[in-house]
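Data first, discussion second: the structure below is written as structure tokens.
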Amino acid sequence: MYNEIKMKSYKILLRLVTCIIFLLGGLYMLLVGKTNSFVFFRNEFLVKFYGLFSVIVSAYFLYGFIKLYKKRNSALILTNEGLINNTNNFYKHTVKWNDIKEIKKVKYQSHYIIVVVLNNENYYLNKISNKLLKSVAKQNSKILGSFFFINANDFLGYSNDELVTYLMKQVNLPLL
């Protein structure tokens with residue numbers, strides 16, 4: 001078995017367009033900061049500061065979304081061995097099917113994510129070489145119940161419920 005769930009390109013393109021709009025707005029504020037055309041604040045230095053801040057932040061996100069759009073790789077890869085999750089940066093190794101204990105939908109802050117609870121979580125945590133990512137993964141494990149999660153809200157063609165049902169069928173877990 002080999003199945004790939006691809007990312008949706010149009011959502012990435014919408015975010016690219018949004019970043020470009022903010023970049024252009026920041027450039028406008030930087031270049032035309034001397035005029036009194038800004039209703040909310042008239043201070044020239046404040047206008048230039050907000051323009052510079054807008055340019056830096058939008059350029060940072062623009063870089064990330066361009067890189068993501070160029071890749072347009074599979075968000076999830078399901079193989080005979082297990083599951084490979086490319087929707088976050090924490091863990092890009094294969095999680096074996098028999099190490100998956102539970103798949104559940106969890107509300108975190110204002111949206112839902114899919115949490116994959118693992119039998120031997122420490123084994124997979126030790127595979128993370130970056131110390132910062134490992135500490136963030138440990139915090140996510142305390143908060144969510146597992147560090148291995150799938151964010152289906154953004155780029156996948158499935159809803160959270162559809163993806164949970166599909167993955168539970170793959171793992172042969174009982175449907176809730």
Side-chain angles (χ1 to χ4, degrees), residues 1-22 57-58 60-128 130-176:
M1 166 187 67
Y2 184 84
N3 190 9
E4 293 184 5
I5 299 175
K6 298 276 189 185
M7 292 184 179
K8 285 187 173 181
S9 298
Y10 75 90
K11 287 192 175 184
I12 301 171
L13 281 174
L14 285 175
R15 291 180 180 191
L16 277 170
V17 169
T18 304
C19 284
I20 290 171
I21 289 171
F22 273 98
V57 170
S58 61
Y60 173 75
F61 283 107
L62 188 64
Y63 170 74
F65 288 131
I66 287 174
K67 197 165 93 172
L68 186 65
Y69 185 73
K70 280 184 176 179
K71 284 183 186 177
R72 276 192 308 244
N73 59 353
S74 300
L76 292 173
I77 302 172
L78 292 84
T79 64
N80 288 332
E81 294 84 34
L83 172 69
I84 302 170
N85 179 13
N86 292 324
T87 61
N88 60 37
N89 294 326
F90 294 117
Y91 196 77
K92 299 214 181 208
H93 302 288
T94 303
V95 173
K96 295 184 168 96
W97 292 118
N98 55 4
D99 285 342
I100 296 176
K101 182 173 26 173
E102 182 183 4
I103 300 171
K104 59 185 177 180
K105 183 173 83 166
V106 175
K107 185 170 185 174
Y108 181 67
Q109 294 181 352
S110 64
H111 67 282
Y112 288 95
I113 58 174
I114 298 170
V115 176
V116 179
V117 181
L118 304 173
N119 288 326
N120 191 3
E121 190 169 284
N122 289 330
Y123 170 75
Y124 292 105
L125 274 172
N126 290 333
K127 283 188 172 183
I128 301 173
N130 187 327
K131 289 183 180 184
L132 178 64
L133 285 180
K134 187 182 277 190
S135 67
V136 171
K138 286 179 182 178
Q139 286 290 40
N140 283 341
S141 180
K142 288 177 186 174
I143 294 169
L144 300 172
S146 177
F147 74 94
F148 192 81
F149 60 91
I150 301 166
N151 189 358
N153 296 331
D154 293 339
F155 304 119
L156 301 181
Y158 289 91
S159 71
N160 283 322
D161 294 327
E162 291 171 341
L163 193 58
V164 166
T165 305
Y166 179 71
L167 289 174
M168 290 180 101
K169 285 180 184 175
Q170 295 298 321
V171 183
N172 296 323
L173 289 173
L175 296 173
L176 299 175

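For the single chain, residues carry numbers from 1 onward in sequence order.
Note that CG of Asn119 and NZ of Lys96 are 12.5 Å apart. Values are rounded to the nearest 0.5 Å. Rounded to the nearest 0.5 Å, atoms CD1 (Ile84) and CG (Leu78) are 9.0 Å apart. Interatomic distance, Asn120 CG to Asn122 CG, rounded to the nearest 0.5 Å: 6.5 Å. Remark: Asn140 CG to Ser146 OG distance equals 9.0 Å, nearest 0.5 Å.
Partners of Lys105 by salt bridge (Lys or Arg N to Asp or Glu O under 4.0 Å), not counting sequence neighbours, listed by chain and number: Asp161. Qualifying side chain to side chain contact (heavy atoms under 4.5 Å, CB included) partners for Leu13, counting only residues two or more places apart in sequence or in other chains: Leu16, Tyr69. In this structure Phe61 satisfies the side chain to side chain contact (heavy atoms under 4.5 Å, CB included) test together with Cys19, Val57, Phe65, sequence neighbours excluded.
Considering every non-hydrogen atom in both Asn80 and Trp97, the closest pair reads O-CD1, 3.3 Å. A pairwise comparison of heavy atoms in Lys134 and Ile128 identifies CE-O, 3.0 Å as the closest pair.
Between Val106 and Lys104 there is a side-chain heavy-atom pair separated by less than 4.5 Å. Side-chain contact between Glu121 and Phe147 is present, with at least one heavy-atom pair separated by less than 4.5 Å. Two residues are said to be in side-chain contact when any heavy atoms from C-beta on lie closer than 4.5 Å; Arg15 and Leu62 fail this criterion. Between Ile100 and Leu118, some side-chain heavy-atom pair lies under the 4.5 Å cut-off. Put simply, the side chain of Leu167 reaches to within 4.5 Å of the side chain of Leu83, judged on heavy atoms. Using a 4.5 Å heavy-atom threshold, the side chains of Thr94 and Ile77 count as separate. Looking only at side-chain heavy atoms (C-beta outward), Phe149 and Ile114 stay at 4.5 Å or farther from each other. Residues Phe148 and Val117 have side chains not in contact (no heavy-atom distance under 4.5 Å, counting atoms from C-beta outward).
Of the N and O atoms on the side chains of Tyr124 and Asp99, at least one donor lies less than 3.5 Å from an acceptor on the other residue.
Ile150 pairs with exactly one of Val116, Val164, Ile103, Ile113 by the side-chain contact (heavy atoms from CB on, under 4.5 Å) rule, that one being Val116.
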